[in-house]
Participant: 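My questions all concern the structure below.
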Amino acid sequence: MPEGTYCNKKPINTPEEVNFLLSDSSGTKYYEEMTRLDVDTELLVSTIEKTMKTRLKTWLEICAHCGMCADSCFLYQVNGKDPKQVPAYKIQSTLGEIVKRKGKVTNAFMRHAMEVAWAQCTCCNRCGMYCPHGIDTGIMFGYLRGLLYQQGFVPWELKIGAGMHRAYRAQMDVTDADFVETFEWMVEEYEDDYPGLTVPVDVEDADIFYTVNAREVKHYPEDLAEAAVLFHAAGENWTIASKGWEQTSLAMFAGDWAACKMQVESVYGAMERLKPKRMVGTECGHAHRATVIEGPYWAGRPDGRPPVESIHYVEWLAQALESGKLKIDPDKRIQEPVTLQDSCNYIRNHGLKKATRTIMQHIVAPGYFIEMSPNKEHNYCCGGGGGFNGIGVFRKQRNRALLTKRDQILATGAQLVIAPCHNCWDAIRDLEEEYEIGIRWSFLKPLIIKMLVVPDHMKPEE
Amino acid sequence: MFKKILFATSATRASDHAARVAFNIARAYHARLDIFHVLGVPSRGYSQVVVDIKTRERVDVDDDYMAWVQDEITTYYADYLKNGLDYDIHVAVGLPAREILRRARETEPDLILLGGSTEEEHDGVYKKTVAGTTLQKVARAARCPVLVVTRPAASFWGGISSITFGTDFSKASDKAFEFALKMALTLNCELHVFHALAITSLSSERLMSQDDIEQKIREKLRVIRARYEPRLKTLKQYTMEVWEGIPYMEIVKYARETHSDLIIMAHHSRKLETDDRAFGSNVEQVIVRAGCPVISINR
Amino acid sequence: MQKKILIIDDDPNILDYLSALFTDNGYDTQVAPDAVKGLETARRFEPDLITLDIEMPGEWGPRFYRQMMQIKELKNTPVIVISGLSGNEHAIPKAIAAVKKPFDREELLRIVKETLG
């Protein structure tokens, strides 16, 4: 059977198609159909010819098989140093083979490649820092995922996730109206405590255009209120957009390049429409990578940058604290051992290590902040990055992958973990559920609000 | 009095006593009952997996599963649902407090009725992520009165005929008084207006002398008379009382003495001050201790 | 002198059964099928003990109890709650005992004897 009803090469584009795929609980039929899905060799070859650029070709060829990347990979370490988990092997035995065999690979090979691409690499890019040739396996896996997606060999949840972006321009079934309505609801709920709190919608020429993660709208809307409170407290002139508000991209995890482009163009569209001074994204790592770092290339922007200066939430927060726009009550700073989980996507991909450490200096009483080891750009992936968190068929592998972060956290002795990234936050949440090590975890916003010196104009009457 | 009641239930034994209150009140006052159950908390990133609130197992949620849970609830409450009760059953996925508030925003009920939650029985991972319990958060943010039944003692024992209204003379208390008065008039109940004089404050450990206490009690009684009595005169039976002690204890004791089957209080400290799971404010202490349902009103 | 027990319950079988049980054990009994009749009978009969059902058509047991507490002659009369309703021990906090249906007759008699001496 070439194409299945559930599992096929066709992307899903509408809410109906999303719901149809969702109706196949856990993707049981989807994966069953996948075992009979044809490989379109011609398409594979022509795609490689058109899209595989010099850098990737060179990387495949010059790899000296020295093995320096092995120990840099947390999945290699956490899986008993299995040689099959050496980054160079992982990419050579998948993408390398496809290229070498000129696309003549079997269905079984593609399914194996799918497992390697999504369960043996989180695209954390750590190996790239240790390779003498500078080969970044994470980037190559990102590319391989694109080839696999095109052929229909993609985990069920990510086919849905990419479909969500196509159907809703959001990673979940949250409409533009839902987004604005939820934001307004949250502001209503908080305005008694913070008089004057508002959510400006579609205001042109604002200083800040704020973008979010659809999961905040769907499940954790307090996060929206908290963002509003902090912008308000800092006296910022900010706005949200009623269209192009979603910063994340499960399409990037899925390798659905066309959907990546659609998604990021919706955000850039909002930037061009509203002409803000800059964009601030929420506490999410991959959203930053998608919208700020990779997005300009997907959208074909000539300067390789988004239409307006775009920064991660931690950058805005660090600036607001440093400039005194936000003031912290020193008595309310964190006074217990606390550690920090930096997202790979802003720490290695965008060098934001200073921003988070500046924040720590402001919000943690001296002596209580304990770095993980290793840290900053050498920090390990949370264990659930690159889409790993959400994929049911690879749950066992993902749970094992959490052990690295668990042991890093345990070694700090901290019971509070700050994670300014949805993916890391989810992974740490799950690791507490799986391994029960007695930790709490938090985004920055709720912590800051608790210790904020509330400006007089924001104090409630009573 | 109540046209639409949102009954948020775990559909387990923890909610049984609240259920008795919900179904009996809905029937007695011809209200439409919106039975609402949050079946699971999101888990595993962006996947469809949730942690089932009842079993603590991880389940894949799809339409079939939602329908199955809905059937389970119908079966669980089958005895109550007979004889033409006007009701609706709705299930959702998410963090319970948030989803209850979301539902309330959509349906605009006159009353939210909350039972004991399964949170007290388990120590689930999810609640470490957000401060406060479901009860606290709903009571603080709801736009309508919230009736809470936590102890079996606070279950339904035959209807509402005697109401204790606890006041601290705040603006929010005035709102709560309006509601208490309306309820007493509509349901033809006795209304007992009560103020508890806190004899110690956290700032000073020093106890007041009994002369001072009694002087203050007389003052507060005059305040009650001035503020509430003109309106109370429309009622068949009412009393006014000021006692000294720990306020929440005194209210619980007073309600027991007056055989009250409902306590109404204002809830005006809306901020979540701590991550502490223990109830902070007076009304929250009354909620967990009272021998009858408590309605909290925050605006 | 014979001690007097008033039995209030909406179930005629329970009334018959309890009445027989208490009479056989040397008590004088009267019965009432609901709260209103219960109060009437109580005023007239002036019982030494009352057994009270909780859930009844019209007014429930707790309402009866509250009214009874306002009558000088009755306010000190001990009450035993006999009900099938779960949590019935909470229904009337000042009841001297709460017995759950179906009940153990020996246990009930023991409580009655203990109370009436």
Side-chain angles (χ1 to χ4, degrees), chain A residues 19 22-28 155-158 160-161 164 171-172 181-182 185 188-190 192-194 213-215 218-222 248 250 253 384 387-392 395 398 422-423 425-427 429-434 436 438-443 446 449-450 460-462, chain B residues 38 40-51 56-66 68 92-99 101-102 104-106 123-132 137-138 140-143 168 170-173 266 268-275 298-299:
Chain A
N19 289 341
L22 275 170
S23 72
D24 174 27
S25 211
S26 312
T28 317
W156 177 73
E157 290 87 349
L158 284 173
I160 293 167
M164 290 282 188
Q171 66 157 281
M172 304 185 93
E181 217 280 322
T182 306
W185 168 33
E188 268 172 42
E189 201 168 277
Y190 278 63
D192 285 357
D193 292 334
Y194 300 97
N213 179 328
R215 295 190 58 212
K218 184 109 175 167
H219 292 311
Y220 313 104
E222 290 84 358
T248 73
L250 294 184
F253 291 160
F388 211 177
N389 268 340
I391 304 171
R395 183 84 64 231
R398 199 290 309 252
H422 273 269
N423 231 315
W425 189 96
D426 281 332
R429 177 207 173 283
D430 286 4
L431 92 79
E432 175 62 24
E433 200 164 88
E434 289 296 328
E436 297 184 4
I439 50 166
R440 291 167 289 122
W441 56 97
S442 180
F443 289 114
I449 283 185
K450 270 192 249 172
E461 278 176 40
E462 251 177 298
Chain B
V38 178
V41 176
S43 167
R44 303 304 179 256
Y46 55 87
S47 72
Q48 303 301 316
V49 176
V50 304
V51 179
R56 301 284 131 170
E57 281 166 6
R58 282 179 282 281
V59 290
D60 284 288
V61 167
D62 55 19
D63 290 347
D64 287 348
Y65 188 78
M66 303 273 269
W68 176 76
V93 165
L95 297 167
R98 184 44 57 204
E99 296 313 311
L101 289 166
R102 199 193 299 270
R105 186 173 158 87
E106 281 162 21
D123 218 19
V125 148
Y126 64 89
K127 56 172 205 305
K128 290 187 189 166
T129 60
V130 210
K137 277 182 279 182
V138 174
R140 280 160 202 234
R143 302 244 154 191
D168 61 0
S170 63
K171 251 193 216 167
S173 280
H268 46 92
S269 68
R270 292 184 52 247
K271 266 193 214 178
L272 292 169
E273 297 294 351
T274 59
D275 293 48
N298 67 42
R299 64 186 78 221

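So you know, we letter chains A, B, ... as the sequences are listed, proteins then strands, and number each from 1.
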Participant: Where on A:Ser442 is there a heavy atom nearer than 4.5 Å to chain B: the side chain, the backbone, both, or neither?
Facilitator: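 Neither part.
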Participant: Quick one: what part of A:Ile391 sits under 4.5 Å from any heavy atom of chain B, side chain, backbone, both or neither?
Facilitator: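 Contact with chain B involves both backbone and side-chain atoms of A:Ile391.
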Participant: State the CD-CD distance between A:Glu181 and B:Glu106, to the nearest 0.5 angstrom.
Facilitator: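 The CD atom of B:Glu106 is 8.5 Å from CD of A:Glu181, to the nearest 0.5 Å.
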Participant: How far apart are the closest heavy atoms of A:Glu188 and B:Arg105, and which atoms are they?
Facilitator: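 Result for this residue pair: OE1-NH1, 3.0 Å.
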Participant: Evaluate the criterion side chain to side chain contact (heavy atoms under 4.5 Å, CB included) for residue pair A:His219 and B:Val93; output intermediate values, then yes/no.
Facilitator: CA-CA 9 Å; A:His219 292 311; B:Val93 165; 4.2 Å; yes
Participant: Less than 4.5 Å to any heavy atom of chain B: does that hold for the side chain of A:Asp426, its backbone, both, or neither?
Facilitator: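 Only the side chain of A:Asp426 comes within 4.5 Å of chain B.
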Participant: Check whether B:Arg58 gets within reach of chain A through its side chain, its backbone, both or neither, counting any heavy atom under 4.5 Å.
Facilitator: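 When you check distances to chain A, only side chain atoms of B:Arg58 fall under 4.5 Å.
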Participant: Taking all atoms of both residues into account, what is the closest heavy-atom pair of B:Asp60 and A:Ser26, and its distance?
Facilitator: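 Looking at all heavy atoms of both residues, the closest pair is OD2-OG, 2.8 Å.
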Participant: Counting heavy-atom pairs under 4.5 Å to chain B, which of A:Asp24, A:Asn19, A:Leu158 comes out on top?
Facilitator: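 Of the options given, most contacts go to A:Leu158.
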Participant: Which one, A:Pro446, A:Pro221, A:Ser23, leads in non-hydrogen pairs under 4.5 Å with chain B?
Facilitator: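 Most heavy-atom pairs under 4.5 Å with chain B: A:Pro221.
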Participant: Does some side-chain heavy atom of B:Tyr46 sit less than 4.5 Å from a side-chain heavy atom of A:Ile160?
Facilitator: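 Not in contact.
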Participant: How close do A:Leu22 and B:Asp62 get, counting heavy atoms only, and between which atoms?
Facilitator: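 So the minimum-distance heavy-atom pair works out to O-CB, 4.2 Å.
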Participant: Tell me which of these, A:Glu434, A:Met164, A:His422, has more heavy-atom pairs under 4.5 Å with chain B than the rest.
Facilitator: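 Sorted descending by pairs with chain B, the first entry is A:Glu434.
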Participant: Can you tell me which portion of A:Gln171 sits under 4.5 Å from chain B's heavy atoms? Options are side chain, backbone, both or neither.
Facilitator: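 Looking at A:Gln171, just its side chain touches chain B.
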Participant: Going by heavy atoms in the side chains, are A:Glu433 and B:Arg44 under 4.5 Å from each other?
Facilitator: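 A:Glu433 reaches B:Arg44 side chain to side chain.
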Participant: With a 4.5 angstrom heavy-atom cut-off, is it the side chain or the backbone of A:Trp156 that approaches chain B, or both, or neither?
Facilitator: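 Side chain only.
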Participant: To the nearest 0.5 Å, what is the distance between OG (B:Ser43) and CG (A:Asp430)?
Facilitator: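 Going from OG on B:Ser43 over to CG on A:Asp430, the span is 4.5 Å.
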Participant: With a 4.5 Å cut-off on side-chain heavy atoms, are A:Arg395 and B:Ser47 touching?
Facilitator: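 A side-chain contact exists here, since the closest heavy-atom pair is under 4.5 Å.
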Participant: Between atom CZ of B:Arg98 and atom CD of A:Glu189, what is the distance when rounded to the nearest 0.5 Å?
Facilitator: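 If I round to the nearest 0.5 Å, the distance is 4.0 Å.
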